[in-house]
Amino acid sequence: MRTTAAFAVIVVTLAALLAAGSPSRAQAPAGDSVTGTGTMNLGFLSACCVITPFEFDVHSGPSGEDPTGHVTFSAIAGEAPVTCLAVRTLTAGPTFAEATINISTSEFGLVTLQVDDGDPEGLPDTLTALTSSPRAPTDCSPLSGGNVVGTVLTGDIDIVDAPPLPTAKEQCKRGGWLRYGFHNQGQCVAFVDHPQIVV
């Protein structure tokens, strides 16, 4: 009888541990991204405009670290690999997300793209470009000035501005773990203790 009771206690304990999840295996939230497909009119390819299909498939950590992906305009041969990504949420005036991306092209050298996601305000998505950019490939600071050279005609560009990851346990407390996309406070604290442990 004691063996059965002890076995039942072990089963209940294991079930509770599995339901709570393991705090040492924290899941990092998704990072920043610029994704989308459609058609766009591009003014920097000619004296006027070229309507071209496009694809954005750009990702990084929540602070722009480890950028990957590509940007493709069918009017430019091949995919252009990404060298940096910086995403910002603008709140002065209309609220929308903005991203600066550097891409390496064979035709135009380093190109700095600034993409504005106008969806929250019901505005079109737009693109500003600086060809033969004098910047360092990893410089994704916002463009100052510049002309809008592209407007999305069909499809959509979606910009995700993920919050930065926590660096202190205090940031996980009082519901702070929700802001970072963790399932509970324990996962958030475990991530701070061991940020290399991600599932």
Side-chain angles (χ1 to χ4, degrees), residues 28-46 49-76 79-105 107-167 171 178-181:
D32 293 345
S33 64
V34 180
T35 56
T37 59
T39 60
M40 176 183 294
N41 63 339
L42 286 180
F44 73 89
L45 294 177
S46 69
C49 303
V50 172
I51 296 176
T52 179
F54 69 84
E55 178 184 21
F56 285 83
D57 186 15
V58 184
H59 304 269
S60 75
S63 298
E65 62 275 20
D66 303 320
T68 61
H70 65 271
V71 176
T72 303
F73 297 107
S74 67
I76 303 174
E79 296 178 350
V82 170
T83 62
C84 71
L85 169 65
V87 173
R88 299 165 292 283
T89 301
L90 306 179
T91 56
T95 301
F96 58 89
E98 177 180 85
T100 306
I101 304 167
N102 277 345
I103 58 174
S104 178
T105 71
E107 189 172 353
F108 299 101
L110 184 72
V111 177
T112 299
L113 303 174
Q114 192 153 293
V115 184
D116 292 318
D117 185 355
D119 286 351
E121 297 292 326
L123 301 171
D125 298 337
T126 59
L127 175 73
T128 304
L130 176 62
T131 58
S132 301
S133 178
R135 297 170 168 230
T138 56
D139 178 3
C140 268
S141 57
L143 284 174
S144 56
N147 295 321
V148 174
V149 297
T151 303
V152 172
L153 302 174
T154 63
D156 184 44
I157 300 174
D158 186 38
I159 299 176
V160 173
D161 186 7
L165 295 174
T167 56
Q171 295 171 296
L178 289 166
R179 179 172 47 253
Y180 299 105

What side-chain donor-acceptor pairs closer than 3.5 Å can you find for residues 150-158, not counting sequence neighbours?
unit_1, atom_1, unit_2, atom_2, d
T154, OG1, T39, N, 3.2
T154, OG1, T39, OG1, 2.6

State whether the number of non-hydrogen atoms from other residues, nucleotides or ligands found under 6.0 Å of I51 atom CD1 is greater than 12.
no

R135 side chain vs S141 backbone, donor-acceptor pair below 3.5 Å:
yes

Donor-acceptor under 3.5 Å (N102 side chain, D139 main chain):
yes

In Å and rounded to the nearest 0.5 Å, what is the [atom1] to [atom2] distance from [X] to [Y]?
X	Y	atom1	atom2	answer
E107	T131	CD	OG1	10.0 Å
L110	T105	CG	OG1	8.0 Å
H70	I101	NE2	CD1	11.0 Å

Parallel, tilted or perpendicular: ring planes of F73 versus F56, cut at 30 and 60 degrees
perpendicular

Taking all heavy atoms of [X] and all of [Y], pick out the closest pair and write down the distance.
X	Y	answer
A99	V87	CB-CG2, 4.0 Å
A86	C140	CB-O, 3.4 Å
T52	S74	OG1-OG, 2.8 Å
C84	V82	O-CG1, 3.4 Å
R88	D161	C-OD2, 3.6 Å

With heavy-atom distances below 4.5 Å as the criterion, would you say the side chains of V34 and D117 are in contact?
no

Determine the sole option in T83, T112, V71 for which the side chain to side chain contact (heavy atoms under 4.5 Å, CB included) test with I103 is passed.
V71

List, one per line, each side-chain donor-acceptor pair under 3.5 Å for residues 57-67, sequence neighbours excluded.
unit_1, atom_1, unit_2, atom_2, d
D57, OD1, H59, NE2, 2.8
E65, OE1, S63, N, 2.9

For residues T100 and Q114, is any side-chain donor paired with an opposing acceptor at under 3.5 Å?
yes

Under the side chain to side chain contact (heavy atoms under 4.5 Å, CB included) rule, what do T128 and E98 come out as? Steps first, then yes or no, please.
CA-CA 11 Å; T128 304; E98 177 180 85; over 6 Å; no

